[in-house]
2 protein chains.
Amino acid sequence: MNQLAATTSFASGARIAEIAALLGDPARANMLLALMGGPALTAGELARHAGVSAPTTSGHLAKLAAAGVVAARAQGRHRYYRLASREIAEVLHALMLAATLGPPRHRPPGPRDGALRLARSCYDHLAGRLAVALLGALEAQGHLRLSSDGEAVEPTPQGRAFLADFGLDLDGAGERAGKGGRARPLCRTCLDWSERRPHLSGRLGAGLLERLLTLGWLARVPGSRALTLTRAGEAGLIATFHLPPDWREGEGGAPVQMARQQTPRTHP
Amino acid sequence: MNQLAATTSFASGARIAEIAALLGDPARANMLLALMGGPALTAGELARHAGVSAPTTSGHLAKLAAAGVVAARAQGRHRYYRLASREIAEVLHALMLAATLGPPRHRPPGPRDGALRLARSCYDHLAGRLAVALLGALEAQGHLRLSSDGEAVEPTPQGRAFLADFGLDLDGAGERAGKGGRARPLCRTCLDWSERRPHLSGRLGAGLLERLLTLGWLARVPGSRALTLTRAGEAGLIATFHLPPDWREGEGGAPVQMARQQTPRTHP
DNA sequence: ATGACGCTTCGGCCACGGCCGAAACATCGG
DNA sequence: CCGATGTTTCGGCCGTGGCCGAAGCGTCAT
């Protein structure tokens, strides 16, 4: 018998409930939402995100770690926490999408909303209006081919060359087939949470974000998931990707203000 | 400003936690898992699935309905409950996937597992070994084209004709662009929960399941999500789709026993 | 009409779990 | 070695919420 099928069994309601219950506390949900930004955060930072005391935070994190929702890495007197797996990130993503549906309850459109809507990191890839615009530009240039429904997406041969030239190794051994015997999708569209339009995810999306950060075209905003597009970055994206200069306006809408640097973080 | 962007705001941790907390109770999780099968179920049936009393079930369902997780429809002295949206189904799907990872805790491989692994319904489409085999057969016949990573999938012109001939109207007005202004993906691969290999989801997957049920090639098993492949169905699938006769063996594994009819349900 | 059945509401019990302050433990800097 | 800082453990308080039995209200059948 297939070894995989032998070890894989069905998820019981109990196990599902266990995970969901862990995400079902406001404090923990806010921590995990903060971790969706990608980089690992310290327990103290997570405590501030959650709005609870340090002891309470520690208890929450211990439970999350025991259940395999987050993973911890000790470094000096800090402990850095990150989401334990991409599967967990996808649960959170699905929850975010479902949460935008519900009843039209009170949703304070804080000032940070604008920056987040414009560009942010989503676990390991780029999201927001910029991500949607980049996908559009790549498609318009013939680098990517989208299926008619906008779900399936694949790089054209020309696009592969273009992206390789930009510094992305799409066939690289970077992420081979996991233990599941299945390679991570090269580039999958991921329904954007704020724009409700698809953007790039998968290996290509992750590589793109990494490359843009390396180039200094994008910079992380310490306290949030927001990303700033630097002057060089905007010029570079317009020159290289033919990003339309009016990309901030989204679907013919008004431009949104960009994220600004806040209090710098103290860890590497 | 784009009207959608104006009304769409960011999901707060509170709202996420609200939904997750509702899925985070064993009784409710078992109810929702049962509803993942597709057809609406009565409150009594859900009570049996959850293993709690009728009053308790009623309370749970009231909460789930108030939060927009399930939807109710009264009919006679029964009340039929179903999942309220595809977004909720996708949250559950992501949770099921995440649940198979965790620590190797006790997972009783009950006798029903085999039937479920072979063929079952997953919200609105087909899942299990049969679904994986069907996707493989469609690809082998040149009706579908998969990208190298097995994520993107699209019907070939020949495939469209073949599927239309089989009774599937892929371009039909059946499911147009939703309020999000985005059409439902035609056919998206959906990582199979038990096989951990992709199978057909999306509009095509839903249409295929519906058609197979209409033809009597597949039949629902009352008490569970399992599906039975009828004699006519097996012959038909082998003749029409060129399903390999040894499809039950999965990846070179041992065959799995098929689901048998159980106690018949009393509602239409 | 009258009983049977399905579902919901009500009332009350009880346990689980989130929260904090105090204190212990670890690490870094002087 | 000694404070300062980050994190965890401990103890105890208290509200939330799951659970059931009894009772109420519909719908269907005879």
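This is a predicted model, so every value here is computed, not measured. Lettering of chains follows the sequences in order, A, B, ..., and the numbering in each one begins at 1.
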Report task. Could you check T42(B) against R79(B) for side-chain contact (heavy atoms from CB on, under 4.5 Å), going step by step and ending with a plain yes or no? Result -> CA-CA 5 Å; T42(B) 69; R79(B) 289 196 72 184; over 6 Å; no

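Remark: S58(B) is in phosphate contact with dT8(C), judged by side-chain N or O atoms under 4.0 Å from OP1 or OP2. For the pair R28(A) and dG18(C), the criterion of a side-chain N or O lying under 4.0 Å from OP1 or OP2 is met. Close to dC7(C), at under 4.0 Å from its OP1 or OP2, lies a side-chain N or O of T42(B). Between S53(A) and dC20(C) there is a side-chain N or O to OP1 or OP2 distance below 4.0 Å. Note on Y80(B): every side-chain N or O is 4.0 Å or more away from OP1 and OP2 of dC7(C). For the pair R79(B) and dG6(C), the criterion of a side-chain N or O lying under 4.0 Å from OP1 or OP2 is not met.
Spacing between atom CD of Q75(A) and atom P of dG6(D) amounts to 15 Å, rounded to whole angstrom units. Taking atom CD of E45(B) as the reference point, atom C1' of dC5(C) lies 14 Å away to the nearest angstrom. K63(B) has its NZ atom 4 Å from the P atom of dG18(D), to the nearest Å. Note: CG (D25(B)) to C1' (dG18(D)) measures 7 Å, nearest angstrom. If you take NE2 of H60(A) and C1' of dC16(C), they are 14 Å apart, rounded to a whole angstrom. Across the protein-nucleic acid pair, L46(B) atom CG and dC7(C) atom P stand 9 Å apart, rounded to whole Å. When rounded to the nearest whole Å, the span between NE2 of H78(A) and P of dT5(D) equals 12 Å. Following rounding to the nearest Å, M31(A) (CE) and dT7(D) (P) show an atom-to-atom distance of 12 Å.
For the pair G44(A) and P55(B), nearest-nucleotide mapping onto DNA chain D gives the more 5' position to G44(A). Along DNA chain C, the nucleotide nearest to G59(B) and the one nearest to T56(A) differ in position, and the one closer to the 5' end is contacted by G59(B).
Backbone-only contact: A43(A) has heavy atoms under 4.0 Å from sugar-phosphate atoms and none from a base.
For A27(B), the listed nucleotide lying nearest its side chain is dC19(D); candidates were dC20(C), dC19(D), dT8(C). Closest to the side chain of R77(A), from the set dG6(D), dT8(D), dA4(C), is dG6(D).
Nearest approach of A94(B) to A94(A), heavy atoms of both residues: CB-CB, 4.5 Å. Nearest heavy atoms, M36(B) versus M96(B): CE-CE, 3.3 Å.
The pair R48(A)-E45(A) does not count as a salt bridge, with every side-chain nitrogen at least 4.0 angstrom from each carboxylate oxygen.
When each of L92(A), V91(A), L64(A) is checked for a side chain to side chain contact (heavy atoms under 4.5 Å, CB included) with V69(A), only L64(A) meets the rule.
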